[in-house]
Trainee: 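Let me begin by handing over the structure; questions about it come next.
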Number of protein chains: 2
Amino acid sequence: MSLISAVESDENTGSLTSRAYNNLREDIIEGKLEPGTKLKVEELRKRYGIGASPVREALSLLTSDGLVDRIDQRGFRVAIVSKEDFADILKARCWLEERALRESIKNGDTEWEESVVLAFYRLSREPRSIGSEGAFLTNPDWENLHKTFHQKLIAACGSPILLEFCDRLYDQNVRYRNLAGSASYPRRDSQLEHEHIMQATLDRAEDLAATRLVDHYRQTGKFLEK
Amino acid sequence: MSLISAVESDENTGSLTSRAYNNLREDIIEGKLEPGTKLKVEELRKRYGIGASPVREALSLLTSDGLVDRIDQRGFRVAIVSKEDFADILKARCWLEERALRESIKNGDTEWEESVVLAFYRLSREPRSIGSEGAFLTNPDWENLHKTFHQKLIAACGSPILLEFCDRLYDQNVRYRNLAGSASYPRRDSQLEHEHIMQATLDRAEDLAATRLVDHYRQTGKFLEK
DNA sequence: TTTTACAAAAAAATCGATAAAACTATAGTT
DNA sequence: AACTATAGTTTTATCGATTTTTTTGTAAAA
């Protein structure tokens, strides 16, 4: 499921624009593209074997995701990073997700509860790293399951718009994680934190769940000082 | 300042893409373009006297603003509206702006206070309608000053990201207001509400200010049932 | 050495045309 | 009359080439 279908759906599905969009997006989030790198249309054109229009369109789309900076008349570049920006992402994330989690706890039904449990279970079974023997190599499956878990927690908040904002912030945050490198990356107690968040959530202990979630984010945030 | 320079900066500045973007954006927010209207590249091309590429790029940008819907392989259309969507905008707006206002009150300095006072004063001096003799015709200057006032209130929240989200929601909300038509539009006590919000804000009465702001939004929201 | 001016090169923005896909209308079939 | 297949039409998506704008490099002037 993971690799092949992912590649297939990326490579064969939809317009060239959306393919370029997905590819670029992934490369930026995964940190393969250095922040600030100039994104020359001509180069990308060659890289993906497509014309200039789809490339520009994809870049325009990425601009609104906060992953690409655009300056009128002088092109696109991979969004630059900064301590301040990261701090802002973290802050905004805490605010929005806290709200979303609280609402989710208020409104969520049984089906929602179960989807949270399931997402947690799946996440718990996936190794975080696929590096052989000690070496850390981020596991894309874990990455997906982790995102899904956090999405499920807040999925019942009742606001598609809020969820979209959270999604965007999540991706930006992952980008910073990836850029920080494997050095600071693996935190061993993260899985336990997930469990505690889930526990409080299922108990409908709003305040406790919110506190734990926000602490969880702050915790991961502390790592990235560079 | 208002008309001429606005026209000038729209018509002569920047790339064709951004000009098309600004024009379309305005037309959609002002409600000149019916929700669901097909946005055919060919038509827009002629309308603005430009090529297909800038048109598509502008449309891509508007997509991420939530003002245009795009369906892969079958083009763009003016974002559809719905009761649910409006309710969501209102809800999300209350959540985000409440947070933003609270933070702003916590962090704002004297300069910020003064900018709020100034924005309020300017708003208070501008008539809401420019329709002659009873007829209601929305005043673009008022519209700008109103937006500025609400921006200033939360400007000191310390999170550019949050401000961007609020901005986007504000615009979407204005769109609904404009679509609802002049019928339901003018609320006479709105100016008084602004004053009360400002008062509580300047007094750093966090809870009170937040309540008033949210009530203010809910109030305007009640009008749009159709 | 720093500044300025200008020409050459590179890149961005845009255009006009073509290929591909989706829609429409029509005619034939059940 | 309802359904299906198909040819023709419209619209979208994409390309390759052209025009503008920015950047770079070099040499003259201060």
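A, B, ... follow the sequence lines: proteins, then strands. Residue 1 opens every chain. Since we're looking at a predicted model, the values are computed, not measured.
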Trainee: What's the closest nucleotide to the B:R45 side chain, out of C:dC15, C:dG16, D:dC15?
Mentor: C:dG16

Trainee: Going through the distances and angles, do A:D85 and A:Y176 end up as a side-chain hydrogen bond (donor to acceptor under 3.5 Å, both in side chains)?
Mentor: CA-CA 10 Å; A:D85 183 48; A:Y176 272 91; 2.7 Å; yes

Trainee: Whole Å only: how far is the CD1 atom of A:I50 from the P atom of D:dG16?
Mentor: 11 Å

Trainee: May I have the distance from A:I71 (atom CD1) to C:dA12 (atom C1'), rounded to whole angstrom?
Mentor: 12 Å

Trainee: Who are the side chain to side chain donor-acceptor pair (under 3.5 Å) partners of A:D167, not counting sequence neighbours?
Mentor: A:K147, A:Q151

Trainee: Indicate whether OP1 or OP2 belonging to C:dA12 is found under 4.0 Å from a side-chain N or O atom of B:S15.
Mentor: no

Trainee: How many whole angstroms separate atom OH of B:Y48 from atom P of C:dT14?
Mentor: 15 Å

Trainee: Check DNA chain D against residues 34-44 of chain B and give the residues with a non-hydrogen atom under 4.0 Å, in numerical order.
Mentor: B:K38, B:K40, B:V41

Trainee: Does A:I80, at its CD1 atom, have more than 12 non-hydrogen atoms belonging to other residues, nucleotides or ligands within less than 6.0 Å?
Mentor: no

Trainee: Test of understanding: with salt bridge (charged side-chain N to carboxylate O under 4.0 Å, His left out), list the residues that count as partners of B:K40, not counting sequence neighbours.
Mentor: B:E43

Trainee: Which residues pass the salt bridge (charged side-chain N to carboxylate O under 4.0 Å, His left out) test with A:E97, not counting sequence neighbours?
Mentor: A:R93

Trainee: For residues 152-165 of chain B, which residue pairs pass the side chain to side chain donor-acceptor pair (under 3.5 Å) check, not counting sequence neighbours?
Mentor: A:D88-B:S159, A:R168-B:E164

Trainee: Using whole Å, report how far CD of A:E57 lies from P of D:dT14.
Mentor: 7 Å

Trainee: Quickly work out the B:R77 CZ to D:dT12 C1' distance and round it to whole Å.
Mentor: 13 Å

Trainee: Step by step, would you call B:S60 with B:T63 a side-chain hydrogen bond (donor to acceptor under 3.5 Å, both in side chains)?
Mentor: CA-CA 5 Å; B:S60 297; B:T63 296; 5.6 Å; no

Trainee: Using only heavy-atom distances, determine whether the side chains of A:N139 and A:S129 contain a donor-acceptor pair under 3.5 Å.
Mentor: no

Trainee: Rounded to the Å, how far apart are B:F76 CZ and D:dT12 P?
Mentor: 9 Å

Trainee: Which protein N or O atoms sit under 3.5 Å from an N or O of nucleotides 19-25 of chain C?
Mentor:
none

Trainee: Look up atom CD in B:E26 and atom OH in B:Y21, then write down how far apart they are to the nearest 0.5 Å.
Mentor: 11.5 Å

Trainee: Could you state the atom-to-atom distance from CG of A:L59 to P of C:dA12 in whole Å?
Mentor: 10 Å

